[in-house]
Every structure is written in structure tokens, then in C-alpha cells.
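These notes concern the structure reproduced below.
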Amino acid sequence: MVEEFGLFIDGAWSTPPNARRFSTINPANGEAVGSFVAGTTEDVDRAVSAASRAFPGWRDTPAPKRGDLLLDVAHRMKEHKAALGRIVTQEMGKVIAEGLGDVQESIDFIEYMAGEGRRLFGETVPSELRSKFCLTVRQPKGVVACITPWNFPTAIPNWKIAAALITGNTIVFKPASNTARCAAEVVRLYEAAGLPPGVLNFVTGSGGVVGNALVADPRIRTVSFTGGVETGRDVYVRGAQGLKMVHLELGGKNPVLLMEDADLPLALDGVLFGAFGTSGQRCTATSRLIVHEKVYDAFLNLLIARLQKFPVGDPLDPATSMGPVASADQEKKILEYIEIGKREATLRYGGHKLTGGVYDRGHFLEPTIFETKHGTRISKEEIFGPVLSVIKVAGYDEAVRVANDVDYGLSSSIYTRDVNRAFRAIHDLEAGITYVNAPTIGAEVQLPFGGVKNTGNGGREAGSAAIEEFSEIKTVFVDFSAKLQKAQIDEAPVA
Ligand code: UN1
């Protein structure tokens, strides 16, 4: 029997009467991983009400105490890391090392935010007047909505939840439907650590019902959303009606620039991990390899030779390099892009669904490589799968032009031994993240994460930016002169 989960509202798990249910499915073998409630607008209303009631108490809990609670969550997550990592792999399909990495990224961030409870710095700034003191303090926003994707089913929820909690907000959390079990296990750990009722509420269900109801609710002032561009734009437009702060982390079309002086074996490992890690289903995945013509043939041959012995299969087997893609929908969309690629570019490796034996039970695709000119759909649109477009260029300037000529700007990378060129790339690449001699994936939580252009709307998550995302700044002027002093007003001329 598959385990049934309710909604978590006001500190209690419950299943509303007559609730409809859906199951999450292991993409490696088709088995159900958990059963969840398809939440309704009434459920959202109850969750937002609970979060609103819990807000004054949580806001007034000293931030270091909120941090203690987060540390407790982090400790519990460490104890459960092996089990939770396994659930990530079973529900989402990433290989077990990455399932554990997903959980580790959660732990890292929760610990980092726990420490923020003793900082939450404001500013002190001089006044233009005498005997006057000026400073800023941070205050929570209130009830926030966290809407999260399936590709980092514990890490991205925790990026949002831990940051929102340390800054004193209460939360309604809606996870991606196909990784609701991972999300529920995360919520259980916050519950076990003794979070007061109503501070974190969990409503599963569709974006069209639960997500839209959250974005429409006037009691919610901030919506933090990670997902695809189309949904992100819709959330932004809907949120604009209520003048909400809508924080968006959307797609990427991340390039690796491989220069003629690069360390090719190092780059080879990086490109394989960047393009095919998580089956290419990271916002930061390497989806374009832009290669200097002098090393183009040599590198492509190396890449294809490695892929010929690249183990695709059971993601729980530590010897596997790439598991399935996350769902039937993902498989369909990626195969459509592969068909598009076959028409407009040259297929160099892969390009098929894997069949036979264990493959028949899941959504396994071959790692796929196209040689393409810049400008094709596969070279410009986000595929979110194990499909790499390789593009030949004559030199650095063309590489940068190609790299920048897409609608996205999340991550980017250059492999070169020329330090001057590396720094030029840091300056030239239009992206929120640039790596030098490392792949486009693997951002660390203590640094800001996010991008330019259609990757978002200007915000950043994680790092110090996490605090910005979830707090309001209050500016305070304290006049201790005991008389009316007027800023900006010239003093009356002395007679
Ligand atoms: C994402 O794909 O949305 O930098 C997040 C990385 C991970 C996070 C990816 N730490 O690849």
C-alpha cells in the first residue's frame, strides 16, 4: 500500500472530506511513491488563515530562537539524509549521489540561515542633523507563498522555507505535484523540530488551483516561485494585480565556452557532469557547448567516446551516471525536441528512448548530442533534458556573441588557461553566474543564485540575497535633540 499524506495546516495533518487524490510515480519503474490530496481553494484559504494567525507570534520570536529551530531541522535532516536522499531518487529519478546532494544542499542552507538569525544586519548611517540617529531594521513581509519545482525537490523548497522563516515570515508551501513526497518529508522534519502551528503550512495540488489561489490571496504579499518561464510569467502577471512582490527563478540555456587553450580532460569531465547530471534537468544544466574550431573535432571525439560507456540505468545503483528523466511529460517534451533537432541539426550521439529490460519500466533516454549552428531552436530554447547542442566558433569574440544571444542568462562557464581571457569572460557573459574551469552546475548556497533576462525578474535567491527576498526594510530616524529639526530646510538667516 502506498502511503497517504494529508495537507499540513495549522500544525496538523488532515485530509479534507471528499478530497480527490493523486499519486507520485517513480520514473525509473512506474511504482507509486506517495498519495496526496489535490488541494482546493478552500484548503488554500484555511492554510493562509492559519499562517496569518501564526504570524504575530512568529514575528515576535527572537530571530536567534528561530535560528535554533532551524538548526534542529538541520540536525534531523542529517540523521535522515540517507533515507531522504533515497526518496529523492525514487520520486524524481536523479542518481543516488545527487539525491543525497539535494538533501545536503538543504542542510547547508538551513544551517546557513540559522546563523543569519544572529545577523539580519541593518545599516547605521549618519544624519545631516545634529543629535539624530539613523538606521535600518529588517522586518518580515508577513505570509509568503513558496511554489517549488520538482528538479531539486528538497533543496529549492528549503532555500525558500528556511530564508522565509529566519526573517520571521509564515508560509504556505505548494510543491511540484510529481515530487510531493519529498516535500512532505521535509515538512515532517520542520514539524518534528517543533515549529509552532501555522508557521509552515503545506498544500499539495495543481498550480492552476492551489498556485493561483495563493497568488490571488490578498493576505499574501510575497510569492517566491521557481519553475518554467511560461508559468512564471503567468504568476508574475497575476501577482501584479495585487501589487505583490513576485520572486521568479526560471529557465536557462547555459553555455560552456571551450577555448583552444583549455585543459581538455578537465573540460570533458565538466561538460559530462554539467550536461547529463540530473539528466540535464537543472536550470543550470550545460545545454550548449561552444567550442573553438581548433579543438572542436578532438573534443567532440573525446565526448562521444566517453558517452559510449556512460552508464544510464537504475538511479539507486551507485555505478549509474544518469537515471531516468523525471516523468512521462518530461520524456515526451524532450523527445519532441530531439525530433526538432533531427530536422534542423546533425545528431551525433543518442537521440532515442532506451528500451528493453529495466528500461521498459521507466523514462530512460540516451544522452544526446547535436552538432548545430547557432540559431536553431535546440540551440536557443530550454529543453530541460539530456540534450547538448555543440556549436563551433572561430574564437573568443564569436563564442561570447553566441553565448549571449539567447533569452536566458542563468549560468555560464569558460574553460581556458588564459587568466586575462577568464576575467574578460566574467565581464562579458550575460548571466547571473559564471564559472571558470568548472561546469555550469553546482552553485553553493552561501552565494546568491539567479540570473538575468528571462531567467527571472531581477532577484536572487540563497546567499545574502535570501534575506532581501523575504524581508522589508524599515528606516528609522531617532531625533534626540529635543527640538524640531528640519531636514532639507535651510536654516533661517541669522538676523
Ligand atoms: C536548479 O536547477 O534550479 O547550481 C537549481 C546547481 C544546484 C542548484 C540548481 N546547486 O546546479
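Residue numbers run from 1 in the order of the sequence given. Keep in mind the model is a prediction, meaning the values are calculated, not measured.
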Could you go through the side chain to side chain donor-acceptor pair (under 3.5 Å) check for Thr440 and Arg282 one step at a time? CA-CA 10 Å; Thr440 56; Arg282 296 195 191 205; over 6 Å; no

Between Glu336 and Lys332, is the salt bridge (charged side-chain N to carboxylate O under 4.0 Å, His left out) condition met? List the steps. CA-CA 6 Å; Glu336 279 166 15; Lys332 182 164 173 282; 3.3 Å; yes

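Here the closest non-hydrogen pair linking Val37 and Phe5 is CG2-O, 3.7 Å.
The environment of Arg118 atom CZ is sparse: at most 12 non-hydrogen atoms of other residues, nucleotides or ligands sit within 6.0 angstrom. In Lys342, the NZ atom is crowded: over 12 heavy atoms of neighbouring residues, nucleotides or ligands sit closer than 6.0 Å. Heavy-atom contacts from other residues, nucleotides or ligands closer than 6.0 Å to CZ of Arg424 number more than 12. Heavy-atom neighbours of Tyr112 OH from other residues, nucleotides or ligands within 6.0 Å: above the threshold of 12. The local environment of CZ in Arg233 is sparse, with at most 12 non-hydrogen atoms from other residues, nucleotides or ligands closer than 6.0 Å. Counting heavy-atom neighbours within 6.0 Å of Glu444 CD, excluding the residue itself, gives a total of 12 or less.
The closest side-chain donor-acceptor pair between Thr372 and Ser379, if any, does not fall under 3.5 angstrom. A donor-acceptor pair shorter than 3.5 Å cannot be found between the side chains of Ser327 and Asp329.
Panel note: side chain Asn201, backbone Gly198; a donor-acceptor pair is recorded below 3.5 Å. Looking at Tyr190, its side chain never comes within 3.5 Å of a backbone N or O of Val199 through a donor-acceptor pair. A donor-acceptor pair is defined here as one N or O able to donate and one able to accept, closer than 3.5 Å; no such pair exists between the side chain of Arg288 and the backbone of Val390.
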Side-chain donor-acceptor contacts of residues 243-254 below 3.5 Å, not counting sequence neighbours, with atom names and distances?
{"from": "Lys244", "atom 1": "NZ", "to": "Val215", "atom 2": "O", "distance (Å)": "3.1"}
{"from": "Lys244", "atom 1": "NZ", "to": "Asp217", "atom 2": "O", "distance (Å)": "2.5"}
{"from": "Lys244", "atom 1": "NZ", "to": "Ile220", "atom 2": "O", "distance (Å)": "2.8"}
{"from": "His247", "atom 1": "NE2", "to": "Glu249", "atom 2": "OE2", "distance (Å)": "3.3"}
{"from": "Lys253", "atom 1": "NZ", "to": "Ile378", "atom 2": "O", "distance (Å)": "2.8"}
{"from": "Lys253", "atom 1": "NZ", "to": "Glu381", "atom 2": "O", "distance (Å)": "2.8"}
{"from": "Asn254", "atom 1": "OD1", "to": "Ser411", "atom 2": "N", "distance (Å)": "2.8"}
{"from": "Asn254", "atom 1": "ND2", "to": "Cys283", "atom 2": "O", "distance (Å)": "2.7"}
{"from": "Asn254", "atom 1": "ND2", "to": "Thr284", "atom 2": "O", "distance (Å)": "3.3"}
{"from": "Asn254", "atom 1": "ND2", "to": "Ala285", "atom 2": "O", "distance (Å)": "2.8"}

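When each of Lys141, Arg460, Arg138 is checked for a salt bridge (charged side-chain N to carboxylate O under 4.0 Å, His left out) with Glu468, only Arg138 meets the rule.
Relative to the six-membered ring of Phe152, Lys94 meets both conditions, a distance below 6.0 Å and an angle of at most 45° to the axis.
Taking the six-membered ring where the residue is Trp, Phe202 and Phe173 present tilted rings, their angle falling between 30° and 60°.
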